[in-house]
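Following: one structure in structure tokens, then a few remarks.
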Amino acid sequence: MEFKDFAELQSVSTLRQLAKNPYSLIRKDALSPRRISRYRCSTCGFDALYAAQQIDDQVLEVLQKLADEAEVTEKFRAMKSGAVLNFITGHESENRQVLHTACRDIFSDSPLEPEATAQAKEQLARLKSFLADLDNGTLVNEHGQSFTTMIQIGIGGSDLGPRALYHALKRYRLPGRNARFIANVDPDDAAEVLVGLDLSRVLVNVVSKSGTTLETLTNEELMRQAFSAAGLNPAQHMISVTGAGSPMENPAKYVTSFNMYDYIGGRYSVTSMVGGVILGFALGYEGFVEVLRGTNAVDVAAEEPLLKKNIPLLMALLGIWNHNFLGRATLAVLPYSQALVWFPAHLQQCDMESNGKSVSRLGGAVRWQTGPVVWGEPGTNGQHAFYQLLHQGTEIVPVEFIGFRKSQYDNEVMVKGTTSQQKLLANMIAQSLTLASGRQHDNPNKSFPGNRPSTLLVAEQLTPYAMGTLLAIYENKIAFQGFCWNINSFDQEGVQLGKIMASRILSEISSENIGNMEKFSLDAPEISLLEAVGLR
Ligand code: G6Q
């Protein structure tokens, strides 16, 4: 494997030339049936329709060269096989394997990284038996009653993925089971989550890879006090998911503990026990395994080197075309599915924490753009809000629309001859077409310039399998982009800095010496702001 800087790739200079005159989507034949059927790619039940991107065959050919030159599929295969890819040359770095894919490489007799997959299988077996204990009444509360609610306490990677998938798949919950999430150290977050809950039926799942994240430890203590105040023994209501050997693996404090491992980054941890425990509780063991099946199918399919046959690779390269060559600074992910309400927030973390980097793998400052700003909200709600800027603003925002042919509940109403689901999809298509084609009008204020690119990502129905598929499409897309940009998509110094800075300030205002919290002497700006905010 060779790690070449993006600017050194030959295809990059060709793409710069081609970008001077990109394909115009306002041409009459831009969205012809021929183009729509040619620019369509299918992977594991999803179709990507990308005729509304500013590309033609020549651009696609050179994007393919870029992927080949950057050896992205070789690196992807190496990643899945356990190569140490979380590193920066010549500088101290995490120096770890990147093996979230091992959590789902459980269906083959010859997994790519047998050791990590064996650990994943062991954790899954423990989950299966824990869920069976809940189902058959072995694990019950003080009054012999079943647990009905699981609250996950965790933040960042220990929250967003599991939260996004739980909301996406609520439809498939087991009867009498539901989940809630507390992430923010804002006491109002926890207070609101606890409103109306019968704590005696609640299991709290404290999730922290490090076992030291202050927000999570604080919220855990808040829950312990809430149980005690309700006359309940916290140790009988708490479980944990944490790194092997972390302080949170303590049988005196938790009913049981599950593990995740160093080689799984927080934002890639949904398919480990970080997401597995709460999804297993809500959907049942088989429901979670279906998610794993979907992710695994994409992990295998994404080894395909031809971008025209590989949705994650195609989306990675279309993203690079828009961002690095056409100069589009942001990317909107707009699901036409209310169930995916938390998915853009998860992608925001997964993408921006992975690819928001300024140092290349070779240790120098990058001389090219890396990850875009990623954001989004479900349609059609967004249409009544920020789409104005998408259509007529001065910033051109490429869009990835996500839609499903069938609703989850099939709870339809026919109004004016169409169902709600038909209206939903019709809106999605209409938006993609209008953004691309624009509309001419004598009144400039009613005129739409068009030439605003989008891709439609469509599947049959949002099932656990399809959710797994969608998750892995994006995880692998992000990794492919990182390989092209030659950055380390798997560390997060920016997040670590936040943790250190908050600890400095808290150590100053703390009324006691808290465990491992070192006393620091603060700088003048920190002191001034503490005083201004009234914390000192
Ligand atoms: C994810 C990040 C970050 C992390 C949280 C929680 O990739 O590293 O979002 O997940 O800071 O960390 P813990 O799981 O260690 O509590």
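Residue indices begin at 1 and follow the sequence shown. What you see is a predicted model; the values in this text were computed from it and never measured.
Checked by atom type and distance alone, the side chain of T370 pairs as donor or acceptor with a backbone atom of N355 at under 3.5 Å. Of the possible donor and acceptor atoms, one in the side chain of N427 sits under 3.5 Å from a partner among the backbone N and O of K423. No donor-acceptor pair under 3.5 Å is formed between the side chain of T213 and the backbone N or O of E215. No donor-acceptor pair under 3.5 Å is formed between the side chain of S454 and the backbone N or O of V399. Between the side chain of Q54 and the backbone N or O of Y23 there is at least one donor-acceptor pair closer than 3.5 Å. Between the side chain of S13 and the backbone N or O of Q10 there is at least one donor-acceptor pair closer than 3.5 Å. At least one donor-acceptor pair under 3.5 Å links the side chain of Q392 to the backbone N or O of S447. E113 contributes a side-chain N or O that, together with a main-chain N or O of A116, makes up a donor-acceptor pair within less than 3.5 Å. No donor-acceptor pair under 3.5 Å is formed between the side chain of Q152 and the backbone N or O of I182. In this structure, N324 contributes its side chain and Q369 its backbone to a donor-acceptor pair below 3.5 Å.
Between L124 and L292, the closest side-chain pair of non-hydrogen atoms falls below 4.5 Å. L334 places none of its side-chain heavy atoms less than 4.5 Å from the side chain of P378. Taking the side chain as every heavy atom from C-beta outward, D105 and D299 never approach each other to under 4.5 Å. A heavy-atom distance below 4.5 Å is not found between the side chains of V98 and Y268. Between L331 and V397, the closest side-chain pair of non-hydrogen atoms is not below 4.5 Å. For the pair K4/L9, a side-chain contact is recorded, criterion being any heavy-atom separation below 4.5 Å from C-beta on. Residues H100 and S269 fail the side-chain proximity criterion, which asks for heavy atoms closer than 4.5 Å. The closest side-chain heavy-atom distance from E412 to Q422 is not below 4.5 Å.
In this structure, R328 CZ and W321 CH2 are separated by 10.0 Å, a value rounded to the nearest 0.5 Å. Interatomic distance, I88 CD1 to E493 CD, rounded to the nearest 0.5 Å: 9.0 Å. Note: S432 OG to L49 CG = 8.5 Å, rounded to the nearest 0.5 Å. With rounding to the nearest 0.5 Å, the separation of CD1 in I311 from CD in E304 is 12.0 Å. How far CD1 of I320 is from CZ of F325: 7.5 Å, rounded to the nearest 0.5 Å. Atom CZ of R163 and atom OG of S158 lie 12.0 Å apart (nearest 0.5 Å).
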**OP:** For side-chain contact (heavy atoms from CB on, under 4.5 Å), just list the numbers for L18 and Q58, CA-CA rounded to whole Å, side-chain angles, deciding distance to a tenth of an Å, and then say yes or no.
**Re:** CA-CA 9 Å; L18 292 172; Q58 196 185 5; 3.6 Å; yes
Subject >> S337 vs I402, side-chain contact (heavy atoms from CB on, under 4.5 Å): CA-CA, chis, key distance, verdict >> reply: CA-CA 8 Å; S337 160; I402 304 171; over 6 Å; no
**OP:** Begin with the C-alpha distance, continue with both residues' side-chain angles, and end with the deciding distance and a verdict on side-chain hydrogen bond (donor to acceptor under 3.5 Å, both in side chains) for N86 and N95.
**Re:** CA-CA 5 Å; N86 177 351; N95 253 335; over 6 Å; no
**OP:** Given side-chain contact (heavy atoms from CB on, under 4.5 Å), test F281 with Y166 step by step and report yes or no.
**Re:** CA-CA 10 Å; F281 177 82; Y166 171 71; over 6 Å; no
Subject >> Evaluation steps, side-chain contact (heavy atoms from CB on, under 4.5 Å), between T271 and L471 >> reply: CA-CA 10 Å; T271 49; L471 176 73; 4.0 Å; yes
**OP:** Could you give me the CA-CA distance, side-chain angles and deciding distance for D47 and S42, then say whether side-chain hydrogen bond (donor to acceptor under 3.5 Å, both in side chains) is met?
**Re:** CA-CA 4 Å; D47 293 322; S42 303; 2.7 Å; yes
Subject >> Stepwise side-chain hydrogen bond (donor to acceptor under 3.5 Å, both in side chains) test for Q383 and Q388 >> reply: CA-CA 8 Å; Q383 286 176 216; Q388 167 59 38; over 6 Å; no
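Listed here is the closest heavy atom pair of L462 and A339: CD2-CB, 3.8 Å. Nearest heavy-atom pair across E69 and S11 is OE1-OG, 2.5 Å. Considering every non-hydrogen atom in both L307 and L60, the closest pair reads CD1-CD2, 4.1 Å. Heavy-atom minimum distance, A19 versus P22: O-CD, 3.3 Å. Summarising the geometry of S354 relative to I487, their closest heavy-atom pair is O-CD1, 4.5 Å, with the distance given to 0.1 Å. Summarising the geometry of G319 relative to Q481, their closest heavy-atom pair is CA-NE2, 3.7 Å, with the distance given to 0.1 Å.
Taking 4.0 Å as the cut-off between side-chain N and carboxylate O, K477 and E400 count as a salt-bridged pair. The pair R77-E74 fails the salt-bridge criterion, with no side-chain N (NZ, NE, NH1 or NH2) lying under 4.0 Å from an Asp/Glu carboxylate O. Between K80 and E303, at least one side-chain N (NZ, or NE/NH1/NH2) sits under 4.0 Å from a carboxylate O, which counts as a salt bridge. In this structure, E475 pairs ionically with R104, as a charged nitrogen and a carboxylate oxygen lie closer than 4.0 Å. Salt bridge status for D57 with R38: present, with a side-chain N to carboxylate O gap under 4.0 Å.
Annotation: ring-ring contact (aromatic ring centres under 6.0 Å, His included) contacts of Y261 (sequence neighbours excluded): Y263.
The aromatic rings of W368 and F6 lie tilted to each other, with the angle between the two planes from 30° to 60°. Relative orientation of the Y387 and F401 rings is tilted, given thresholds of 30° and 60° on the angle between their planes. The aromatic rings of F3 and F87 lie perpendicular to each other, with more than 60° between the two planes, well past the 30° mark. Relative orientation of the F46 and F404 rings is perpendicular, given thresholds of 30° and 60° on the angle between their planes. Aromatic ring pairs are classed by plane angle as parallel below 30°, tilted from 30° to 60° and perpendicular above 60°; the pair H167 and F181 is tilted. The aromatic rings of H391 and F448 stand perpendicular to each other, their planes meeting at an angle above 60°, with 30° marking the opposite boundary.
A distance below 6.0 Å separates the ring centres of F480 and F76.
More than 12 heavy atoms of other residues, nucleotides or ligands shown are found within 6.0 angstrom of CG on N443. Around atom CD of Q440, no more than 12 heavy atoms belonging to other residues, nucleotides or ligands sit under 6.0 Å away.
Pairs passing the side chain to side chain donor-acceptor pair (under 3.5 Å) check and including a residue from residues 455-468, sequence neighbours excluded, read Q53-T455, R405-E460.
Remark: the Q492 side chain and the Q349 side chain contain no N/O donor-acceptor pair separated by less than 3.5 Å.
The salt bridge (charged side-chain N to carboxylate O under 4.0 Å, His left out) test with D491 is passed by exactly one of K357, R267, R96, R361: K357.
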